[in-house]
Amino acid sequence: MINIPKGTKDVLPAESYKWHYIEKVVRATAETFGLNEIRTPTFEHTELFARGVGETTDIVNKEMYTFEDKGGRSMTLKPEGTAGVARAYIEGNLADGAQPVKMYYLTPVFRYERPQAGRLREHHQFGVEIYGSDSAYADAEAILVAKTLFTKLGVTELELNINSIGCAECRAEYNRALREYLAANIDDMCPVCRERYVKNPLRILDCKEEGCKRITAGAPKTIDYLCNGCAAHHEALKGILTSLGIAYKVNPMIVRGLDYYTRTVFEFISTSIGAQGTVCGGGRYNNLVEEVGGKHTPAVGFGMGLERLLLVLESLNLPVGEPEIPKLYIAPLTSAEAAEAYKLVNALRASGISADTDLMSRSLKAQMKYAGKRGYEYTLVLGGDEIASGKAALRKMSDGSEKVVELDKLQEELKG
RNA sequence: GUGGGUAUAGUUCAGUUGGCUAGAAUGCCAGAUUGUGGCUCUGGAGGUCGUGGGUUCAAGUCCCACUACUCACCCCA
């Protein structure tokens with residue numbers, strides 16, 4: 001027995017309707033915001049993620065599915081959705097079209113991690129990407145897409161956390177201040193944070209170690225070191241959110257693990273699905289396009305974990321769509337009627353009605369049990385009498401009521 | 001990568017201080033009812049008790065290792 005790879009999940013036939021439901025609401029929501037779908041490859045040159053996501057991140061350092069192809073090139077299964085979109089924006093000359101470019105994607109992403117509740121090695125993300133605008137309205141637009149989607153799905157419990165981590169200039173200033181503050185306590189920090197101190201001190205704020213949390217509790221905050229431009233941007237976003245009536249919390253500890261973020265970062269967090277509560281995370285990444293080889297292009301967006309979103313819906317007993325139920329099952333009484341039943345069924349299918357018949361040469365009783373279990377809306381027994389008279393009893397399975405109909409009028413009967 | 005928990009039928013689980021041929025429920029297939037599903041009754045199929053060692057007269061049960069699953073750390077969606 002060869003089993004499923006660790007950290008992956010099958011979506012079995014009985015559950016796929018939930019995915020259809022979520023995807024349908026996602027696409028409908030994206031459309032009302034004027035977002036167009038973009039599809040990029042499942043794998044890219046490793047270099048793209050190394051430069052885009054950042055060499056110091058855990059994602060690039062230890063979580064990527066990297067392999068060498070037969071031509072000796074280093075390839076990586078996408079660990080997130082944004083880097084590929086940035087590459088496509090450049091390569092597809094999207095900067096030459098009307099700006100801003102508003103896109104969304106639905107994609108699997110791959111990270112080599114230890115699975116746990118709400119965390120997989122392959123999961124699926126809905127993402128929004130808005131390129132070309134540096135306005136706080138674009139930040140608000142991204143947040144609003146997520147918020148609107150949650151509302152449509154009935155999710156009201158998610159808390160929106162926002163923060164600003166500034167731009168390259170204020171970050172340098174801030175890092176200096178943070179290092180200065182931490183210098184005295186460096187020996188009390190965990191080994192990982194001691195390394196972060198050198199490479200990327202900002203990440204220390206994200207540390208969950210008790211000792212480090214105590215130390216960082218009084219640490220300088222990025223939002224206190226913003227340059228005038230970044231501070232104004234942050235204030236503008238807060239103003240827009242407030243005017244829209246969107247509740248948010250400024251959380252100075254939101255730092256995020258991807259290096260491409262500048263200015264705005266945000267997360268929608270759930271408390272009902274276990275330790276991995278971030279359902280949606282994103283922010284602004286003004287330097288990403290330049291980083292992967294294009295000209296400077298401000299951009300903002302987010303990624304949303306669809307498995308986590310589904311966990312939220314189910315944990316709150318919210319609707320997750322309805323199973324797709326076929327309409328009619330025609331049961332041939334004996335093998336003599338099988339061919340006629342098959343012909344009837346296919347005529348109905350051709351007119352767009354979902355219909356089935358026996359594929360196992362089973363008894364009438366067995367066929368009725370099958371039809372009952374699968375949930376067909378109607379059944380019809382086809383015997384010699386029915387074929388001779390051209391009429392048969394159409395049974396409605398929910399209440400057992402029957403109605404005699406002409407076989408060649410089945411189509412009209414079922415459409416109504 | 002680190003730590004905790006778990007592993008018996010397709011599924012959910014019983015299985016006593018180690019002691020007859022390993023059980024139930026549910027699901028699946030069939031019959032009761034030779035032209036009609038759900039309810040009821042009856043029968044059938046389905047298990048190398050996660051894998052490999054060890055202790056013992058005797059191991060599903062005790063010990064060790066490994067593997068898988070799971071939760072948490074870490075990280076993130």
Side-chain angles (χ1 to χ4, degrees), chain A residues 1-9 12 14 53 56-64 78-82 106-127 146 158 190-193 196 203 206-210 212 254-258 265-270 273-282 301-312 329-334 336-337 360 362-386 392-402:
Chain A
M1 166 73 187
I2 298 169
N3 40 18
I4 194 169
K6 187 197 282 276
T8 64
K9 281 254 192 298
L12 299 173
V53 178
T56 66
T57 61
D58 276 16
I59 290 179
V60 169
N61 275 322
K62 43 190 197 194
E63 296 178 0
M64 294 208 298
K78 55 165 94 163
E80 53 88 60
T82 296
L106 284 163
T107 184
V109 302
F110 308 86
R111 290 178 206 165
Y112 192 88
E113 303 184 271
R114 280 282 288 271
Q116 71 182 76
R119 191 171 73 186
L120 297 161
R121 288 184 174 178
E122 179 188 28
H123 75 277
H124 297 78
Q125 288 192 9
F126 162 53
L158 297 181
C190 72
V192 183
C193 281
R196 285 170 174 151
R203 188 94 9 92
D206 232 5
C207 189
K208 306 293 191 299
E209 294 279 330
E210 274 311 313
C212 300
I254 299 263
V255 163
R256 308 205 48 75
L258 294 84
V265 290
F266 65 88
E267 292 184 6
F268 282 90
I269 300 168
S270 163
I273 57 170
Q276 308 299 320
T278 302
V279 175
C280 173
F302 67 76
M304 186 184 297
L306 297 182
E307 280 83 355
R308 285 187 190 173
L309 179 58
L310 186 54
L311 285 178
V312 169
Y329 182 90
I330 296 183
L333 183 59
T334 70
E337 293 85 19
M360 287 178 76
R362 283 196 289 202
S363 70
L364 179 61
K365 169 100 171 173
Q367 294 187 64
M368 289 305 291
K369 275 181 93 162
Y370 173 75
K373 248 171 260 171
R374 292 236 12 218
Y376 289 89
E377 205 176 330
Y378 295 96
T379 55
L380 183 151
V381 175
L382 193 70
D385 296 350
E386 283 79 5
L394 185 64
R395 171 181 289 209
K396 190 172 188 181
M397 294 299 267
S398 55
D399 58 13
S401 65
E402 292 190 352

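No hydrogens, no waters, no symmetry mates; every other heavy atom, side chains included, goes into these values. None of these values were measured; they are calculated from a predicted model. Lettering of chains follows the sequences in order, A, B, ..., and the numbering in each one begins at 1.
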Integer angstrom distance from the P of rA22(B) to that of rG47(B): 13 Å

Options rU36(B), rG37(B), rC73(B), nucleotide nearest the side-chain atoms of Gln276(A): rC73(B)

Any Arg362(A) side-chain N or O less than 4.0 Å from OP1/OP2 of rC29(B): yes

Proximity to the side chain of Gln116(A) - top-ranked nucleotide from rC75(B), rC73(B), rG37(B): rC73(B)

For rU2(B), the Watson-Crick or wobble partner whose two distances fall under 3.5 Å: rA72(B)

Check: Leu106(A) and His124(A) side chains under 4.5 Å, non-hydrogen atoms: no

Between rC73(B) (P) and Glu113(A) (CD): distance, integer Å: 12 Å

Aromatic ring pairing Tyr376(A)/Tyr370(A), orientation class (parallel under 30°, perpendicular over 60°, tilted between): tilted

Lys365(A) side chain near rG37(B) phosphate (N/O to OP1/OP2, under 4.0 Å): yes

Nucleotide opposite rG23(B) in a Watson-Crick or G-U pair, distances under 3.5 Å: rC13(B)

Partner nucleotide of rG43(B) by Watson-Crick or wobble geometry (both distances under 3.5 Å): rC29(B)

Spacing of the P atoms in rC41(B) and rG35(B) (rounded, Å): 25 Å

Whole-angstrom distance between rG44(B) and rU8(B), as gauged at atom P: 25 Å

Pairing partner of rU67(B) (Watson-Crick or G-U wobble, both distances under 3.5 Å): rA7(B)

rC29(B) to rU67(B) separation - C1' atoms, rounded to the nearest Å: 34 Å

Side chain Arg395(A), main chain Thr379(A), donor-acceptor under 3.5 Å: no

C1' atoms of rU16(B) and rA72(B), separation to the nearest Å: 34 Å

First of Val381(A) and Ala366(A) reached from the 5' end of RNA chain B, by closest nucleotide: Ala366(A)

base_contact_polar (rC71(B) base, Arg119(A) side chain, donor-acceptor, <3.5 Å): no

Distance-only donor-acceptor check, side chains Thr278(A) and Glu267(A), under 3.5 Å: yes

Minimum-distance nucleotide (side-chain atoms of Arg114(A) versus rG37(B), rG3(B), rU36(B)): rG3(B)

Nearest-angstrom distance, C1' atom, rA24(B) to rU56(B): 30 Å

Note, Glu113(A) side chain near Arg119(A) side chain (heavy atom, < 4.5 Å): yes

5'-most by nearest nucleotide on RNA chain B - Glu80(A) or Leu333(A): Leu333(A)

Inter-nucleotide P distance (rA14(B), rC62(B)), Å rounded: 14 Å

Same-atom distance (P) from rA58(B) to rU21(B), integer angstrom: 15 Å

Closest approach of Leu333(A) to Gly383(A) (non-hydrogen atoms, all atoms of both residues): CB-CA, 3.8 Å

Presence of donor-acceptor pair under 3.5 Å, side chain of Glu386(A) and base of rG35(B): yes

Distance below 4.0 Å between Lys373(A) side-chain N/O and rC29(B) OP1 or OP2: yes

